Structures are given as structure tokens and as C-alpha cells.
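Read through the structure below, which is laid out as C-alpha cells, and then see the notes.
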Number of protein chains: 2
Amino acid sequence: MVGRKNSSAGLGCEPDAARAGAYPNAGRCNGTALRKATRRVSQLYDSVLAPCGLKGTQRSLLIHIARAGTPTMGELSAALVLDRSALGHNLKPLERDGLVALVPDEQDKRSRRVVLTPLGKAKLDASMALWAQAQARFEAVFGPAEAAALRASLERIASPEFAEAFSGRDTSK
Amino acid sequence: MVGRKNSSAGLGCEPDAARAGAYPNAGRCNGTALRKATRRVSQLYDSVLAPCGLKGTQRSLLIHIARAGTPTMGELSAALVLDRSALGHNLKPLERDGLVALVPDEQDKRSRRVVLTPLGKAKLDASMALWAQAQARFEAVFGPAEAAALRASLERIASPEFAEAFSGRDTSK
DNA sequence: GACGAATACTCGCATATGCCACTATTTTCA
DNA sequence: TGAAAATAGTGGCATATGCGAGTATTCGTC
């Protein structure tokens with residue numbers, strides 16, 4: 001806790017050591033550690049990306065679409081580890097701004113496919129140098145080998161295999 | 001991309017290899033890797049925590065408050081790497097539900113301090129076993145040594161020092 | 001061929017997050 | 001001592017995310 005000034009001053013009833021001792025594992029939460037680091041990196045990358053008008057999250061969507069061709073929403077949500085209705089929500093401003101279009105799948109009337117528009121592609125191309133700058137700064141501070149190792153860990157955690165193992169499901173289906 | 005069926009079929013104009021080749025670094029984005037892993041872990045932990053009625057993000061807030069005594073909102077936002085107005089928003093449902101209270105700082109009329117209520121403490125205590133279960137599952141799948149190493153990396157990335165180094169600011173102030 | 005199960009999405013509701021303008025207060029400086 | 005700068009928070013607006021109910025469609029089984 002930065003700049004401790006507080007807190008035994010008539011409010012918290014217990015001394016600091018007793019409170020800290022009551023929650024010994026508080027600093028060990030993997031979910032909390034991931035969220036904090038993600039907020040930090042999102043804030044830093046977004047400040048570098050700001051001139052191109054895309055947030056990191058939006059750029060990530062566009063890149064996945066660009067690489068996949070015309071993925072279905074289901075494919076895209078699985079690839080991004082996003083709830084499908086969350087993906088639907090996240091695509092709306094991009095569709096409104098003309099960066100993507102949603103078209104019905106030819107074979108399956110339930111499905112929609114996501115298409116990057118020429119404007120979306122131009123916007124994505126315009127973001128490349130800024131993204132590369134953010135990425136270079138990260139790797140300069142953190143180390144390129146360490147950054148690659150981190151991404152390997154994160155990819156493993158994000159994988160469907162990890163989710164199945166965590167939930168104790170039989171993975172041999 | 002799971003289950004590739006798509007996408008050269010009259011929609012995407014370019015062959016797969018050309019598109020993938022156009023964005024060679026797409027899979028290397030540190031921000032994207034962090035967000036994907038964080039979504040996965042949040043989803044998994046939240047499903048374990050669901051019975052206690054707290055989400056992982058709310059539990060994280062309560063734990064920080066519990067450990068700190070009665071931190072100011074500024075202290076809490078810095079500790080959690082959260083924008084201060086975001087923290088304000090995130091505290092509202094917790095205040096509404098009676099888990100925390102906000103009280104004016106005695107010395108600084110601008111500041112408010114966050115207090116865990118007895119109900120909040122009870123809720124937090126009730127979440128302990130579920131959290132420990134989620135945490136044990138993560139470490140069983142990922143490995144305890146690997147999990148500790150990951151948290152160390154994430155803590156470094158979340159640190160103010162990392163942010164200063166990334167932004168190229170002089171850290172010797 | 002019909003029906004039930006499964007799938008793909010949308011919508012509504014809610015939380016999570018961040019930026020900016022604003023107000024109130026404190027701190028710093030001349 | 002007063003004014004300007006800095007700080008602490010709020011409110012509004014927006015994006016980011018997830019759950020559950022609902023509709024439409026497809027698939028599998030009998």
C-alpha cells in the first residue's frame with residue numbers, strides 16, 4: 001500500500017499487523033495479479049495508441065478478424081476467450097464506425113461472419129507503427145526473452161485445455 | 001482459430017497464408033495475451049466463487065480494504081492500478097449492498113476513506129474457502145512454482161516503476 | 001418426416017473500466 | 001497572505017465484459 005498514513009487513527013479498530021495477518025494469502029491471488037497487470041498494460045498501450053483512434057481491445061479484435069478472413073462470431077469469441085454476447089456488444093461500435101461488417105453465413109442461417117472493411121483495414125494499418133512502439137517499450141523494460149516466456153504462460157492459461165483441466169472435465173472427449 | 005471452415009469461400013478475397021503473412025506479429029501482442037488470460041481466469045474463478053455472491057473483482061477490492069484498514073480512495077486506486085473514477089464506480093454496488101462504507105477523512109476534507117463493514121467482512125470470510133478452491137485448482141494445473149513465477153512477473157508489470165520506465169520518465173525524482 | 005436436443009446469436013441487465021470536465025480543498029510559492 | 005498549482009473526488013459518457021432468457025436454426029434420433 002503506497003504512502004501509509006492512515007488508519008489506526010480511530011477508524012480501523014485493529015493494528016496493522018493483525019489485519020495483514022488475518023488475510024495472509026491476499027497477495028497470492030492469480031486472478032487479482034492478472035487483472036492488475038492487464039490494467040497497467042492496457043493503460044500504457046492505450047496511451048501510445050491514442051493518436052490512431054483505436055483502443056488496444058479494438059485493435060486486437062481487428063487483428064484477429066484480419067488474420068482469420070471472415071470468421072464467424074463463434075470462432076472469434078472462442079479465439080479471443082470472449083463470451084459471445086460480449087463479442088456482440090464489442091463489435092457494435094466498430095460496426096457503427098464502419099470498421100467491420102456483419103454478414104450472414106451462407107451455410108448456416110444462425111451464424112454471422114465478421115468482415116473487416118477497407119476503412120477497418122486502413123485504420124488497422126495506421127495503428128501498426130504505434131503498436132510496434134508500445135510493444136518495443138514493453139520489451140525494452142521487461143526483456144524480450146522474459147516477454148516471450150510471459151506470453152507462452154499466458155497462452156497456456158488462455159487455452160481451452162487449461163479451462164478443461166481447471167474444471168476437472170474429461171479432456172479425452 | 002478453431003474449426004476453420006470459412007473463409008476463402010467468396011468472402012475474404014485473399015488466401016489464408018497471404019492474410020496471416022500480412023500481420024506476422026499479431027500473436028505477439030503483450031496486451032492481447034494478458035487480456036485473454038485474464039478473461040479466462042476471471043471466468044474460471046468467478047464460476048467457483050459464484051455461491052458466495054462475490055465476483056473476483058469485488059473480492060479483490062474487499063481483501064485490499066481489509067488488509068489496509070481504512071485506506072483512502074487514492075491509496076486504494078493506486079494499490080489496485082485502477083483509475084480513481086473507476087474505483088468510485090466499482091465501490092457503488094458494494095456500498096449499496098452494505099459491504100463497505102465511505103467516510104470523510106479527518107485531516108483532508110477532499111479525501112474519503114473506505115471501511116469494510118461487518119457484513120463485508122462476513123462476506124469476505126465466507127468467500128475464503130471458495131477462493132482457496134479456485135486457487136488450488138489453478139496451481140494444480142499450472143504448477144505452484146510456475147504460478148509463483150507468473151505472479152512475480154505480473155507484479156513487476158503492475159508496478160509504478162514499470163510504468164515510469166515504459167513511459168521513459170526519469171525515475172530518480 | 002417429426003420432434004427434441006443442441007447450437008448461434010440477440011437483448012436486457014448488470015458490473016468493470018477509463019477519460020474528461022468539474023468542484024472543493026490543500027499545498028506551494030512569491 | 002493571497003493566488004496559482006496541485007490534488008481528491010464525482011458525474012457523465014463511453015467502451016469492455018458476462019450472465020441468463022429468448023428466438024431461430026441446425027442436427028441427431030427414432
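Hydrogens, waters and symmetry mates are skipped; everything else that's a heavy atom, side chains included, is used. These figures come from a predicted structure and were not determined experimentally. All chains are named by letter (A, B, ...) in the order of the sequence lines, taking the proteins before the strands, and each is independently numbered beginning at 1.
- Whole-Å rounding puts the B:Arg39 CZ to C:dA16 P distance at 16 Å.
- No side-chain donor from either of A:Thr72 and A:Arg112 sits under 3.5 Å from a side-chain acceptor of the other.
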### Message
Does B:Phe138 form a ring-ring contact (aromatic ring centres under 6.0 Å, His included) with A:Phe162? I'd like the steps, not just the answer.
### Response
CA-CA 9 Å; B:Phe138 184 103; A:Phe162 182 93; 5.3 Å; yes
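- At whole-Å resolution of the value, CD in B:Gln43 and C1' in D:dT17 are 9 Å apart.
- Note: CG (B:Leu44) to P (D:dC19) measures 10 Å, nearest angstrom.
- Remark on DNA chain C: of its neighbouring residues B:Lys109 and A:Arg40, the 5'-side contact belongs to A:Arg40, judged by nearest-heavy-atom nucleotide.
- Near DNA chain C, meaning a heavy atom under 4.0 Å from it, residues 54-62 of chain B has B:Lys55, B:Thr57, B:Gln58 in order of number.
- Inter-residue side-chain proximity for A:Met73 and A:Ser77 is flagged as unmet; no heavy-atom pair is nearer than 4.5 Å.
- Rounded to whole Å, the distance from CG on A:Leu80 to P on D:dT17 is 9 Å.
- Atom CZ in B:Arg112 sits about 18 Å away from atom C1' in C:dT26, given to the nearest Å.
- Across the protein-nucleic acid pair, A:Asp105 atom CG and D:dT25 atom C1' stand 12 Å apart, rounded to whole Å.
- Here A:Arg35 does not reach the OP1 or OP2 of C:dA16: none of its side-chain N or O atoms lies under 4.0 Å away.
- No donor-acceptor pair under 3.5 Å is formed between the side chain of B:Glu75 and the backbone N or O of B:Arg113.
- Listed by residue number, A:Leu82, A:Asp83, A:Ser85, A:Ala86, A:His89, A:Asn90, A:Pro93, A:Arg96 are the residues of residues 82-98 of chain A with a heavy-atom contact under 4.0 Å to DNA chain D.
- In this structure, A:Leu150 and B:Asn30 have side chains that are not in contact, with every pair of non-hydrogen atoms separated by 4.5 Å or more.
- Side chain of A:Asp108, nearest nucleotide from D:dG18, C:dA8, C:dT25: C:dA8.
- Rounded to whole Å, the distance from NZ on A:Lys36 to P on C:dA16 is 16 Å.
- Taking hydrophobic clusters as Ile, Leu, Val, Met, Phe, Trp and Tyr residues chained together by side-chain heavy-atom distances below 4.5 Å, A:Val81 does not share a cluster with B:Val141.
- No hydrogens or angles considered: a donor-acceptor pair under 3.5 Å links the side chains of B:Ser127 and B:Arg59.
- In this entry the distance linking CD of A:Gln107 with C1' of D:dT26 reads 13 Å, nearest Å.
- Nearest heavy atom pair, residue B:Phe166 against residue A:Ala134, reads CE1-O, 3.4 Å.
- Toward the 5′ end of DNA chain D lies the nearest nucleotide of B:Leu102, the other residue of the pair B:Leu102 and B:Ser42 mapping further downstream.
- Using modelled atom types, one finds no donor on one side chain facing an acceptor on the other under 3.5 Å when comparing B:Thr57 with A:Arg35.
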